[in-house]
Amino acid sequence: SKGLIPPSLLFANPAYLRPCHGWTPHGGHHLHVYAADLARGTDGRWRVVTDRTEVPAGAGYALENRTIVSRVLPEFNRTMPIERLGPFFDTLRRALFALSPRRTEQPRVVLLTPGPYNETYFEHAFLARHLGVTLVQGEDMTVRDNAVFLKTLTGLQRVDVILRRTGGAWCDPLELRGDSALGVAGLVQAARAGNVAIANALGSGLLDGAAPMAFLPRVARWILAEDLAMPSIPTWWCGQPDECRYVLDNLSHLIVRPAFHNRVAPRVGASLTGAERADLVAQIRTRPWDW
């Protein structure tokens with residue numbers, strides 16, 4: 001309503017999940033885990049290159065890497081003032097258990113993974129084991145009476161919190177992607193009823209990727225009355241005529257990447273051949289909102 005973010009930026013985003021519109025997750029927070037890709041410029045300042053809000057990965061890899069380094073170079077770990085990673089995972093575990101909608105001493109927390117064919121499955125298994133939660137796939141759970149249950153040899157057991165590593169659109173074949181074999185039918189309704197907490201909440205992928213970064217500075221000034229604590233790299237979304245014209249006019253000085261996902265490698269304007277440049281310009285002019 002304030003015109004801070006163009007409506008077309010939201011509606012063109014495949015991560016915009018219409019069934020999640022108007023729904024406030026249990027506990028009131030959409031983001032529980034956040035990650036960012038950082039880079040330091042020649043001026044020495046750190047900047048955010050990409051926000052990761054859908055399924056933020058990396059924490060498990062950091063812990064495993066730290067474990068390996070501490071074994072290979074123990075003297076290095078002892079002599080350097082290295083921050084411990086343990087407190088982060090302790091805090092994460094407590095935060096997940098605190099999300100439980102039920103008042104019970106032992107909430108059941110599960111980590112939902114797309115399965116062993118996912119490129120980050122190692123981290124899913126490692127993180128579940130370290131946090132002491134159950135690693136599950138969509139087929140391991142079912143929804144009954146708007147509540148989520150885990151299928152076990154002794155029967156169905158109520159699930160209170162889901163740490164999600166499956167893309168939001170794939171989590172519920174009933175209300176989201178009907179061709180998904182990775183989700184749980186009825187999960188959206190169970191979450192909407194407040195019977196299960198999901199971290200991060202379904203729909204969080206709306207902030208993932210490059211396009212929203214162009215608008216974060218003015219959003220921060222409006223909501224917080226202050227500038228971003230750590231600036232993003234300068235970003236122009238081609239879904240706006242003036243910005244699109246600027247990108248096309250300065251292509252040799254910019255890096256062009258997809259607006260809504262990170263699956264396609266960025267294009268470095270200065271390294272493009274004549275044919276590659278012409279092809280990219282044609283793609284931008286055909287679907288400017290995608291860049």
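Heads up: numbering here begins at 1 and tracks the sequence. We use all heavy atoms of the structure for the numbers below, so side chains are in, but hydrogens, waters and symmetry mates are not.
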Enclosure of Gln106 CD (heavy-atom neighbours >12, cutoff 6.0 Å) | no
Parallel, tilted or perpendicular, as decided by the 30° and 60° cut-offs, for the rings of Phe215 and Trp237 = perpendicular
Is a donor on one side and an acceptor on the other found under 3.5 Å between the side chain of Asn200 and the backbone of Val33?
-> yes
Value rounded to 0.5 Å, distance of CG in Leu111 from CG in Leu96 | 9.0 Å
Are Arg93 and Asp90 ion-paired here, with the side-chain N under 4.0 Å from a carboxylate O?
-> no
Could you list all the salt bridge (charged side-chain N to carboxylate O under 4.0 Å, His left out) pairs where at least one residue sits in residues 137-166, not counting sequence neighbours?
-> Glu54-Arg164, Arg102-Asp160
In this structure, are over 12 heavy atoms from other groups packed under 6.0 Å from Tyr34 atom OH?
-> yes
Apply side-chain contact (heavy atoms from CB on, under 4.5 Å) to Thr113 and Leu135, showing your working.
-> CA-CA 7 Å; Thr113 174; Leu135 182 67; 3.7 Å; yes
Calculate, to the nearest 0.5 Å, the distance between atoms CZ and CZ belonging to Arg94 and Phe89 respectively.
-> 13.5 Å
Got a donor-acceptor contact below 3.5 angstrom from the Asn146 side chain to the Ala193 backbone?
-> no
Would a 4.5 Å heavy-atom cut-off, applied to side chains only, mark Val69 and Asn77 as touching?
-> yes
Heavy-atom pair with the smallest gap, counting every atom of Ala62 and Leu85 = O-CD1, 3.6 Å
Does the side chain of Gln283 come within less than 4.5 Å of Val256's, by heavy atoms?
-> no
Single-linkage hydrophobic cluster, 4.5 Å side-chain cutoff, Leu31 and Val55 together = no
Which pair of non-hydrogen atoms, one from Cys171 and one from Leu187, has the smallest distance, and what is that distance?
-> O-CD2, 3.7 Å
Of all residues at least two apart in sequence or in a different chain, which pass the salt bridge (charged side-chain N to carboxylate O under 4.0 Å, His left out) check with Arg66?
-> none
Expected output: side-chain Ser70 to main-chain Thr67 donor-acceptor under 3.5 Å = yes
Connected via hydrophobic side-chain network under 4.5 Å: Tyr121 and Leu131 | yes
Within-4.5 Å side-chain heavy-atom neighbours: Leu38 and Met230 | yes
Any donor and acceptor pair, going by atom type alone, linking the side chain of Asp208 with main-chain N or O of Thr53 inside 3.5 Å?
-> yes
Checking Ser180 side chain against Arg177 main chain: does a donor-acceptor pair fall under 3.5 Å?
-> no
Going from CD1 on Ile284 to CH2 on Trp289, what distance comes out if it is rounded to the nearest 0.5 angstrom?
-> 13.0 Å
Flag yes if Leu206 and Leu202 sit in one hydrophobic cluster, no otherwise; membership is Ile, Leu, Val, Met, Phe, Trp, Tyr, and two members link when side-chain heavy atoms are under 4.5 Å apart.
-> no
Are Tyr61 and Leu163 connected in a single hydrophobic cluster, I mean Ile/Leu/Val/Met/Phe/Trp/Tyr linked by side-chain heavy atoms less than 4.5 Å apart?
-> yes
Nearest heavy-atom contact between Leu176 and Pro19 is CD2-CG, 3.8 Å
Nearest 0.5 Å please: distance from the CH2 atom of Trp23 over to the NE2 atom of His30.
-> 7.0 Å
What one should report as the nearest heavy-atom pair of Gln137 and Pro116 is OE1-CD, 3.9 Å
So, for Ile198 and Ala191, which heavy atoms are closest and what is the spacing to 0.1 Å?
-> CD1-CB, 3.9 Å
Hey, mind stepping through Thr104 and Phe97 against side-chain contact (heavy atoms from CB on, under 4.5 Å) and telling me if it holds?
-> CA-CA 10 Å; Thr104 174; Phe97 277 75; over 6 Å; no
Determine, stepwise, if the pair Val143 / Val148 fulfils side-chain contact (heavy atoms from CB on, under 4.5 Å).
-> CA-CA 4 Å; Val143 173; Val148 181; 4.1 Å; yes
May I ask you to test the Ile5-Val219 pair for a side-chain heavy-atom distance under 4.5 Å?
-> yes
What's the spacing between Thr235 OG1 and Glu243 CD if we round to 0.5 Å?
-> 11.5 Å
Would Val196 and Leu156 show up in the same hydrophobic cluster when neighbours are defined by side-chain heavy atoms closer than 4.5 Å?
-> no
Using the six-membered ring wherever Trp is involved, compare the ring planes of Phe122 and Phe126 and label them parallel, tilted or perpendicular (cut-offs 30° and 60°).
-> parallel
Quick one: which residue pairs count as a salt bridge (charged side-chain N to carboxylate O under 4.0 Å, His left out) with a foot in residues 270-291, not counting sequence neighbours?
-> Arg287-Asp290
Fit a plane to each ring of His32 and His29, take the angle between them on a 0 to 90° scale, and name the class: parallel (under 30°), tilted (30 to 60°) or perpendicular (over 60°).
-> perpendicular
Nearest 0.5 Å, what's the CG-OG1 distance between Asp37 and Thr50?
-> 5.0 Å
Phe88 versus Leu63: any side-chain heavy-atom pair under 4.5 Å?
-> no
Taking the inter-plane angle between the rings of Tyr16 and His21 on a 0 to 90° scale, is it parallel (under 30°), tilted (30 to 60°) or perpendicular (over 60°)?
-> tilted
Distance-minimising heavy-atom pair for Leu99 and Ala199 | CD1-CB, 4.2 Å
